There are 2 protein chains.
Amino acid sequence: MNVPKKVRLVEVGPRDGLQNEQQAIDTGTKIQLIEQLAAAGLGYIEAGAFVNPKWVPQMAGSAEVFEQLKRAEHVTYAALVPNLQGFERALAVNASEVAVFCAASEAFTQKNTNCSIEESLQRAAAVIDAATTAGIKVRGYISCVVGCPYEGAIDPAQVAYVAKRLFDLGCYEISLGDTVGVGTPIAVSQMLAAVSDNIPMDKLAVHFHDTYGQALANILAALQLGVAVIDSSVAGLGGCPYAKGASGNVATEDVVYLLDGMGIEHGIDLPQLASTGRWISALLGRAPASKVAQALAADIK
Amino acid sequence: MNVPKKVRLVEVGPRDGLQNEQQAIDTGTKIQLIEQLAAAGLGYIEAGAFVNPKWVPQMAGSAEVFEQLKRAEHVTYAALVPNLQGFERALAVNASEVAVFCAASEAFTQKNTNCSIEESLQRAAAVIDAATTAGIKVRGYISCVVGCPYEGAIDPAQVAYVAKRLFDLGCYEISLGDTVGVGTPIAVSQMLAAVSDNIPMDKLAVHFHDTYGQALANILAALQLGVAVIDSSVAGLGGCPYAKGASGNVATEDVVYLLDGMGIEHGIDLPQLASTGRWISALLGRAPASKVAQALAADIK
């Protein structure tokens, strides 16, 4: 099977994960989570977001997180920023990198950020310009790359267009998000084929939600096309923003188990990661949304 | 992506599923479950087992199930039989087909059936001979085709050997079971490659447990090699016999969603199937162990 020898995992639990939890987590616990994830071997951690706390109260305290965090060498601590103001706040607390976001769906963009795709690209461009001046790298997220809760199936050409725009604006990597988790392997492959017509495969990442349980199958399809950067969330933190109880981000533990089984390098200590996942899940009052975490806890071999 | 145009699903919920549930289900409910599965489009249903009710009380009443069941045309109602005595009971109630089982692990065979692999093949041979005389087709299961709870990793050559023996004895199809659910796509592909050196791919089925969440990724790998028969269990019935709370058989709903997304024919009505899964899960006092069932219930699109 033709897959990359090595994969880089982007841990989004402290941001995309906690942002979608009902229960807000205090700053000290967030810092502990991030430090534990770094200790487990994660080399890239999205540690917070500089968004309006009125809309996203879970991300309040991100400045304190970045300020108080004991940083490990060789770990990238990234911040999500929606606009120039957010970027300035991230810069002030020395975020290693920032991430901007767009969606491939016009309706989703309107509902989520109250602007058009074109306007959201302009907002991203302003951040990218400022970041470039400041010598900060920018990662670009695209939501709804397979399906949209409002528009249904999304044309791969539309994803390719938005990805190319973000890449040309200066994002060094584009993370392609199946926000609703409706994707299946052929649709994912077709989307990746379209996007990689414009952008080298080694500049692409995949970001799957496991709402319909398809995330690992989709990751396998992406690996087979040469994608070597995978976003995931410890313990599947986050749930689904569209329905209480449904799965959210694919669990980092489940991805690591897949990679281990396939002999793909990733640098992460699975038992330590699973222990971190159990700890943060217990604080949220539930079991980890990771089958690997549950099976390891039960010592199933 | 090179995958089969059409897949046959083998529904094992009423047998492999219910057999591993803590709570025994009454005969009337089992019959209702099987009839609902047939109505949802399942063409092959493992409806019961003729095993010792002292060891497997959940399968007591299998004779009544077969006798009282309203049979749909074109649906195969199969029975698992461990030996000649079990076969005679299955024959007496007009099971459409029977299934025999072996394991690719010597230690598992000893612990599970108190005999060697060789002896288990002889027991299977006796059933196959009797069934052939009676004009009944026999399906062969092999457990532990990737890993074993006692031996760890299993050599693909050992799986290939047991599969070839069962096939040569007269099984028309060999179902390869990752009983513990530890398999990942490359290991599964290597195992399938070894087995299909001896047996045509169209005589092979895969039977995955989702203990480590890898089942759909493994099914994708199997489809890519041309496997076109998949065992699954409605609502993921069964759990894991090795640990309370852990996942068992891959959920039929999740497999159907994968196949739908990939445009692979299967003949099953997903909403009707999911409704059956919710009904039987409610009787067992829990939510369906199927992310698709949960996402559909929440109407996530």
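The shown structure was predicted, so the numbers you read here are calculated from the model rather than taken from an experiment. Lettering follows sequence order; numbering is per chain, from 1.
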Pick from A:S189, A:P185, A:G147: which one has the most heavy-atom pairs with chain B under 4.5 Å?
-> A:P185
Which of these, A:V12, A:V255, A:D178, sits in a side-chain contact (heavy atoms from CB on, under 4.5 Å) with A:V250?
-> A:V255
Is it the side chain or the backbone of A:A221 that comes within 4.5 Å of chain B heavy atoms, both, or neither?
-> both
Checking side-chain contact (heavy atoms from CB on, under 4.5 Å) against B:L259, which of B:K6, B:H266, B:E265 comes through?
-> B:H266
Looking at B:I219, B:V3, B:L258, B:N218, which makes the most heavy-atom pairs under 4.5 Å with chain A?
-> B:L258
Would you say the side chain of A:M1 lies within less than 4.5 Å of the side chain of A:Q224, judging by non-hydrogen atoms?
-> yes
On the 0 to 90° scale, with breaks at 30° and 60°, tag the A:Y141-A:H207 ring pair as parallel, tilted or perpendicular.
-> perpendicular
Chain A contact via B:D260 - which portion, at a heavy-atom distance below 4.5 Å = neither
Option in A:S290, A:A217, A:A297, A:C148 with maximal non-hydrogen atom pairs under 4.5 Å from chain B = A:A217
Applying a strict 4.5 Å limit to non-hydrogen atoms, the region of B:A215 in contact with chain A is neither
Using atom types as modelled and distance alone, determine if a side-chain donor or acceptor of B:E106 lies under 3.5 Å from a backbone N or O of B:I117.
-> yes
